[in-house]
There are 4 protein chains.
Amino acid sequence: MNIVCLWYSAGGKMDYFYGPGRNHLFVPGPVNIPEPVIRAMNRNNEDYRSPAVPAMTKTLLEDVKKIFKTTSGIPFLIPTTGTGAWESALTNTLSPGDRTVSFLIGQFSLLWIDQQQRLGFNVDVVESDWGQGANLDILASKLAEDTAHTIKAVCIVHNETATGVTNNLAKVRKILDDYSHPALFLVDGVSSICALDFRMDEWGVDVALTGSQKALSLPTGMGIVCASPKAIEASKTAKSVRVFFDWKDYLKFYNLGTFWPYTPSIQLLYGLRAALDLLFAEGLENVFERHARLGKATRLAVEAWGLKNCTQKEEWFSDTVTAVVVPPYIDSAEIVRRGWKRYNLSLGLGLNKVAGKVFRIGHLGNLNELQLLGCLAGVEMILKDVGYPVKLGSGVAAACAYLQNNTPLIASRV
Amino acid sequence: MNIVCLWYSAGGKMDYFYGPGRNHLFVPGPVNIPEPVIRAMNRNNEDYRSPAVPAMTKTLLEDVKKIFKTTSGIPFLIPTTGTGAWESALTNTLSPGDRTVSFLIGQFSLLWIDQQQRLGFNVDVVESDWGQGANLDILASKLAEDTAHTIKAVCIVHNETATGVTNNLAKVRKILDDYSHPALFLVDGVSSICALDFRMDEWGVDVALTGSQKALSLPTGMGIVCASPKAIEASKTAKSVRVFFDWKDYLKFYNLGTFWPYTPSIQLLYGLRAALDLLFAEGLENVFERHARLGKATRLAVEAWGLKNCTQKEEWFSDTVTAVVVPPYIDSAEIVRRGWKRYNLSLGLGLNKVAGKVFRIGHLGNLNELQLLGCLAGVEMILKDVGYPVKLGSGVAAACAYLQNNTPLIASRV
Amino acid sequence: MNIVCLWYSAGGKMDYFYGPGRNHLFVPGPVNIPEPVIRAMNRNNEDYRSPAVPAMTKTLLEDVKKIFKTTSGIPFLIPTTGTGAWESALTNTLSPGDRTVSFLIGQFSLLWIDQQQRLGFNVDVVESDWGQGANLDILASKLAEDTAHTIKAVCIVHNETATGVTNNLAKVRKILDDYSHPALFLVDGVSSICALDFRMDEWGVDVALTGSQKALSLPTGMGIVCASPKAIEASKTAKSVRVFFDWKDYLKFYNLGTFWPYTPSIQLLYGLRAALDLLFAEGLENVFERHARLGKATRLAVEAWGLKNCTQKEEWFSDTVTAVVVPPYIDSAEIVRRGWKRYNLSLGLGLNKVAGKVFRIGHLGNLNELQLLGCLAGVEMILKDVGYPVKLGSGVAAACAYLQNNTPLIASRV
Amino acid sequence: MNIVCLWYSAGGKMDYFYGPGRNHLFVPGPVNIPEPVIRAMNRNNEDYRSPAVPAMTKTLLEDVKKIFKTTSGIPFLIPTTGTGAWESALTNTLSPGDRTVSFLIGQFSLLWIDQQQRLGFNVDVVESDWGQGANLDILASKLAEDTAHTIKAVCIVHNETATGVTNNLAKVRKILDDYSHPALFLVDGVSSICALDFRMDEWGVDVALTGSQKALSLPTGMGIVCASPKAIEASKTAKSVRVFFDWKDYLKFYNLGTFWPYTPSIQLLYGLRAALDLLFAEGLENVFERHARLGKATRLAVEAWGLKNCTQKEEWFSDTVTAVVVPPYIDSAEIVRRGWKRYNLSLGLGLNKVAGKVFRIGHLGNLNELQLLGCLAGVEMILKDVGYPVKLGSGVAAACAYLQNNTPLIASRV
C-alpha cells in the first residue's frame, strides 16, 4: 500500500509507488523544479483578459529574449512541448517541398528529421555515428554546391539529448557565411538553452527553441520559440499549413497588447516569471559555469569508473547530459530500473540505436553539486548491483576532487 | 505597490494588482480550480518513463472516457489548448479540400470555421444570428441534397461560449441518421463537457473535445480529444499534414504501454486524476444538475434585473455561461472593467459582434451556490455603478428563491 | 465517497465531506488565508540556525510592531495559540496572588478570567450582560478606591468574539490616567489587531496579543505578544512560574542575534512575512476601513432581516464579528449546521450563555465585499430553511446599497 | 540579488540567500518534509468546529498511539514545540518541590533539567561526560536508597540530539522494576520517536513526547505528548500551575467529542494525517531499519575519514544523529558555515560544551540513501576546504559498501 496511490485511486488498486525520501531526478528532462517556482505556480486560475496577465506577459516576452541572447528576435510562448516547438519553427518558415539539411546524430535529431519529412520537406539527412557531432564538412560541401540556393534551411540540434553531444553552432554560422548562403538557420536548443551558452544574434540563428521542462526547470507545457527578423519575414510567405502554431496569430495579439490568441496556462506564466528571476538572480554566465562544472565532474566520475562516454570527442562533450556506455555484458536498461527500484534514482534510458548500451545522467537545470554527487554515488552502487566491478567511491572521489577546487561560494551568501 | 509585483519583479516596476480577498472568477474559462486539485499539482517533475506515469496514465485514459460517455472511443490527452484540440480533431480525420458543414453562431464557432478554412477544407458555413443556435434545418437540407456524400464532416460547437447557446446534438445525430449520411460528426465540447450532459456513444459523435481549463476545472494546457472507431478509421487515410497532433504517434505508444510520444505535464496528469476523482465523487449527474441549477438561478437574476439574455430561445439556454445584453446606453466592457477594478470580480467580455453589447457570467466548473450569489450581488452593484436603474437585491432575491427550493444537501454531509 | 477521505484514509472509512466549490469560511477565526500567503508557506523546512532565518526574523520583529502601532514595544512570536499568548502575557508580568481586574462579557473573556484564576491571581471579575461592553464605571470606582495600588493589572478583551462587542480601550487608558493608577494594562487583541485600529503606544497598553489565525489571516500556531517597556520591567520581578512562555529566553536570544530559544515554524515565519507585506501593501488604515465597511454592511443586512444584533449598543458594535440573535423558536445551532450541510458555509456557533440563541458571522481578515454578500445570501436562504419568514434578498439589498456607495476602487487597479 | 528576498522585501534590501538547487538539510531537526505532506498542508483554513475536523482528529489520536507503541496511553496534540511538550509532561504529573532524577548528557538534557528546576522541582542531576549515555548505575543506587519513594519521576532523554547518544530505556524500566519503585518514567523522545524503536507500553513509560519537526517530518508546531493511565492519574493531583498545557482541558473536549480546547492548526492536522499514512505505508519497522542503515553508513564514513564519533561507546550510537569530533586545529562551526555558503548543505553546530568541537549530521526523518551520500560527499569536500587531510571519496566509499549490501528494494516497486 502506498500513499500516492491512496491519493488518486478511488478503486483502491495499489499499483503505485511510494518510496521514502526525495526522488533523485537525473533524466535529461523533465528536470527538478526549484521550490520558489513550485510556489509561484501554486495558484488558482485567472482571467487572462484582465490587465494583469498582459502586463506580466510583456515582461516575460522582454526577459525571455535574454536567455536566447537576442535583442532583435521575437519570442513566442506556445502551450505545447518541444515537439510542437519544432513544428512551429518549421511550418512558419518553410513551404512544402522545401529542401533542408538536417543532421542525424541521435534519437532527438532523428525525430526532428522524421517530423521534417512528414511535414513535406525535402530533407538532406547528414548522418553521423551516434556519439559524434554533426558532420559540418558535409554541410560545407553541400552549401558549396548549392549555388542555386535550393537549400532553404539548415536544421540542427544544439545538444543531442540522446547521446550527450553538443554541436558547434558558431561553426555552422561561419560555414553559412563562408558560402554567403541565405538558408535559414534553425536550432533545437531544447537541452541547451539556459544551460549552455546560446548566442542567437551573434550566431545568426533564425529560429531557436526550447521547452519549459528542460534547463528552465519548469513543468512541461510551454514551447519557447524565438524568431529572427529574417524568420519573421520568411513566415509571411511560408506556405506550410498551420493554425495553432501560426506566429501570425500571436503577432496580431502582440499588436493588440492582449498577447494571447488563445488561453495560456496562468500557472506556467507565473512559473516562467519565477524561473527567469532565479536565472537572472544567479546570473546566466554563472548558470553556464555551474553546468560546465557539473558536466565535467560527471565525466571525471565516468572515467574513474573505467567506463566510456558515448560522446566520442571532447569537442562534443555535453554539459547537460552524459550518456555512459556500459560493457556488452550489461543491459543499461537494468541500471535504470535498479536506480528507480532500489535507490529512488531516475536515470535516462538509452534510446533506439543505443538502447541497452548506454544510460544517461541528466545534469541540467536547477541542480547543485551535492545533488549530483548523491546521484554518482547511486550509480556506483547500481553498477556494482549489476555486476560491473566498479571501485565504490571512485567516481565520487574524482568528481569531488574537481568540485572541491572549482565550486565558488554561493554568491548571495558570501 | 502590490505584492504580485513584489513577487516577481526584480526591476521593481509596480504594475500589478493586488486586491484583498478572493478573486471572484466568473469568466467562462479558465475557471476556478478546486483546492484538492491545486494540491495534487503542487509537485516536482518526475521521469515520465518510469513505471509510475504509465500506470497512472492508464487509469486516466480509462476514466476520461466516462466524461464523454463513451466506451468505444479512444481518448488523447494532448499538451495543447482547445484550439489545438480542434486542429487535432480536424487534421486526423480530414484531407485538404474535404467539404465540411460548420455553424457560425458566435465567436468560438467563428474561430473554428476560420481554422477549418486555413487548414484547407471546403467549409459550408451555416450562419445564424448571434444568440441563436445552429440552424439544423439547413443542415437537413444540405444532407438531403448531398446524395453523393461530398460532405465529409459536420462540425458543431456544443455550447457557444460567446453567446451562451447550447446546440441540440441529439437532433444533429437524428438528422444524420434520417439521411443515412456517413459524414463524420465532430463536436467542440469545450464549454460543455463535464458540465452539460454529453453522450458521445448515444449521439454517435465521432470526435469530441474539451480543454482542461473549462468544466474540468484544471489549469490550461491539456486538450482532451476523444475519437470514435470511425474517426480512428478515418485517420488512417486522412491526408492533412500533421505531426504534433497526429493520433498515430499516440496509438503507437499506447500499444507500447508507455503512452507518451513526447513529454506530458506531470502536474496536469496528477491534476486530471484529482479532477476526475472529484467529479466522480460528486457524481456526474449531480454535476450536471448543479450546473443546471446555477444556470437557471443566473437567468432568473437577469430577468429580475430587467435585462435580456443574449440567447434568444429557451431551448438554447446554456447552463455554463449566460451572456447578458445591456441597454444601448451602456458599454458592457465598462461593466467588466468595473468588476475587476472595484469588486475583484472577473466577468467575460462581449466578443466581436457583441462586443460592448453583452457581458458574460461563466457558471461552469467547480462552483457552488454562494459563490454565484456573491457574483450576482456584485453585478447588481456594477449595474448601478454604470447607471442602469437596477433594484439592488432583486436578482439575488430571484436566484435565492429558486436555489433555496432546489439545492440539495451536500451528499457527503447528510 | 469523497476525496478528502480518499486522500488520507488508508482504512477506507468514508466519513468526510467533500462538497463542490469553495468553502465559505465566516467563522470569526480561523479565517481565510490569502493565496499569496498559502504560497509563501508552501515549502520545506530549513535550518533555523542558518543566517537566513535570523535575517528574516529581524524584519518580522521590526514590522510586526506596526500592527500594534508601537515603537517602544518588544514583540514575541511564540509557537502557540491565543490561549498561550494570554498565558505569556499574564505569567511574565504578574506574581501568584496578584490582584487583577477583568471584565466578563462573553465566552472568551470568561476563558481568560478562568485562566487568570487557575494561574493563581486574585481576579476582580466585573461582569456585564452578554452583548454589553466592559463596565468601565466599575473599573473607575475600583481604581478610585485602590489608593494602595493593590490592583496590579487591568485585563480586557478588545473585541469579545463571542458576542461581537468592541471595548473602548482609549477610555480604559483615560480612567487609569485619571486615577494615576500604575496597574498594568493587558489587552487581548485576538479578534481585533490587524482589523480594528489598535494603538498600543497611544493607549499605553502594556501587553497586547493576537493569534496568527485571526485578522493576520494565517494558519493557527503563532501567538504574537507585544510588551511595553513597563511590562518588560515587570517581567524581571514577576514570580509566576514559566519556562516555555518566558520572555527572558527570547530576550536572551534577541541579544545573541539568533532570535529563537527553540524551534520556530519556518512556514509560519514566511507566512507572516507575506501577511505583513499584504497588509502594508493594502495600507493598515485601508484594512481598518475595509473591516468597518464589511461590519456595517453585515449589520444593515441583519436589520433588514428583522433580526437583532446581540451587541446592545452601537458604541460596542464590532467590525470583525456580528452575533445575530435568532427568535426563540429557532435553534441557532441548526442554522450553523444547515449552512455547512447545504451551502458549504461555515458560520460561528453561539457559545455558552448564548448557545442556541445567536449565530455569528465573522467578517475579519482577508475578505472582500462579494465574499460577504455571498455569505449574506446564504444566511437568508438558511433562515428561510429553518422557518424564519425572511424576505429573500432583503439583507443583500441593504448591504449592497451601502457597499455600492462606499467601496473604493482597488488601489492598485485604479 | 536573490529571489527569497524579492519575494518578501518591499524595501528591496538584498540580504537573503538564494542558491541554485536543493538545500541539503541535515540538521537533526527540523528535517525534510516529504512532498505528499507539503501537499497535504497546502490549504486554506477551516472551521475546526465543523464535523470534519473532529472526525479527522479522532483518526489521528487513534493512529498516533501506534508511533508510541501504546494501546493504553492517551495522546495530546499540543500547538507547541518540544520545549512546550516537556513542560506539559512535567506540570501535569508533578507538584512543585517534587524530587526528580534527571540525566545531564548534552545540551538538550541540560535544557530539560533547567526547565525542571525553573518549574520548581527538586532535581537530582546525574551528569555524564558529553558523549556518554545516562549513568544508570547511579539511577540504580538512588532508587535503592529511596525506600521512602521521595523520587517522584525519572526523566530521561531517549536520544540526546547534541551528542548523538541513545539511552537504553528498557534498562531504565528494568531498574525501576528491580526496586519496585513507583516513580513516574518520563521520556523525551524528540529525536527518537518514529525513527528509533519506541515501546511505551512494553517499557512502562508514563509520559513520552516528541515534536512534529523531527522524525515525523512535519513543520514545527505540534508537540505530541502521550500519557499512560498512571500519568493521567497523577495529573489529577499534580499541583503544578498550568493552563495552556493542562491535559484536563483536552480530556474535557475529548469527552465532548469536539477534541479541541483551543484552535489547532488545520494544516498540521492534515499534515500529520499524511505523515502517519506515509509512515504506515512504509511500515514502522522498515522506517526503523532505514534509520539504522543510514546511521550505520554515516558512522562508517566518519571512521573512514579518520575522525571520531562524539559518542563514546557503540551501545549509545544514535541512528538519528551523528556528532563528529574534529581535530583541535579546526573550528567545527567553520565546517557548518562552509557547508551553507558553498554547498547549500545544512549541518548541525556543536552546542555548548562541544561548540567548535563537533559538527552534527542529522539523519532522521524522510530521508534516503542517496540524499545521505550527497551529504557525506559534501562533508568530505568541506573537511578538505578547512584543511583536514581527508581522502576524498573515502567516506562515501565506506558508506556505499555498506549500503549496497544492505539497502532493500523499495517495497512498492518490487
Could you check whether any side-chain heavy atom of P79(B) comes within less than 4.5 Å of a side-chain heavy atom of T81(A), counting everything from C-beta outward? yes
No-hydrogen, no-angle side-chain donor-acceptor test under 3.5 Å, N44(A) and N32(B): yes
Please classify the contact of E87(A) with chain B as side chain, backbone, both or neither, using a heavy-atom distance under 4.5 Å. side chain
Which atoms of E46(B) come close to chain A, meaning under 4.5 Å heavy atom to heavy atom: side chain ones, backbone ones, both, or neither? backbone
If you take all heavy atoms of W340(A) and P51(B), which pair is closest and at what distance? CZ3-CG, 3.5 Å
Find the one option among L349(B), D63(B), T83(B) whose heavy-atom pairs under 4.5 Å with chain A are most numerous. T83(B)
Should I33(A) and R43(B) be marked as a side-chain contact (heavy atoms from CB on, under 4.5 Å) after you check the CA-CA gap, both sets of side-chain angles, and the distance that decides it? CA-CA 8 Å; I33(A) 310 174; R43(B) 64 175 62 233; over 6 Å; no
Toward chain B, the part of R242(A) with a non-hydrogen atom under 4.5 Å: backbone
Checking V31(A) against chain B: side chain, backbone, both or neither under 4.5 Å from a heavy atom? backbone
Please determine, among G221(A), S265(A), G362(A), the option with the most heavy-atom pairs under 4.5 Å with chain B. S265(A)
Part of I78(B) lying under 4.5 Å from any heavy atom of chain A: neither
Tell me whether the centres of the aromatic rings in F245(B) and F244(A) are closer together than 6.0 Å. yes
Is atom NZ of K66(B) surrounded by more than 12 heavy atoms (other residues, nucleotides or ligands) closer than 6.0 Å? yes
Looking only at F26(A), Y262(A), W86(A), most heavy-atom pairs under 4.5 Å shared with chain B are made by Y262(A)
Any donor-acceptor N/O pair, N45(B) side chain to L218(A) backbone, under 3.5 Å: yes
When I266(A), L347(A), V241(A), I38(A) are compared by non-hydrogen pairs under 4.5 Å with chain B, the top option: I38(A)
Separation between CD of Q267(B) and CE of M41(A), rounded to the nearest 0.5 Å: 6.0 Å
Chain B contact via P264(A) - side chain, backbone, both or neither, heavy atoms under 4.5 Å: backbone
Pairing residues for S346(B) by the side chain to side chain donor-acceptor pair (under 3.5 Å) criterion, not counting sequence neighbours: N23(B)
Could you walk me through whether R39(B) and N42(A) pass the side-chain contact (heavy atoms from CB on, under 4.5 Å) test, one step at a time? CA-CA 8 Å; R39(B) 266 197 292 284; N42(A) 181 47; over 6 Å; no
Checking heavy atoms, do the side chain of L111(A), its backbone, both or neither come under 4.5 Å from chain B? neither
Identify which part of D249(A) has an atom lying under 4.5 Å from any heavy atom of chain B, answering side chain, backbone, both or neither. side chain
Test item: P30(A) and T263(B) side chains (from C-beta on) under 4.5 Å apart, heavy atoms: yes
Can you say whether L25(B) sits under 4.5 Å from chain A via the side chain, the backbone, both, or neither, judging by heavy atoms? side chain
Top of D47(B), V27(B), T91(B) for chain A proximity - count of heavy-atom pairs under 4.5 angstrom: D47(B)
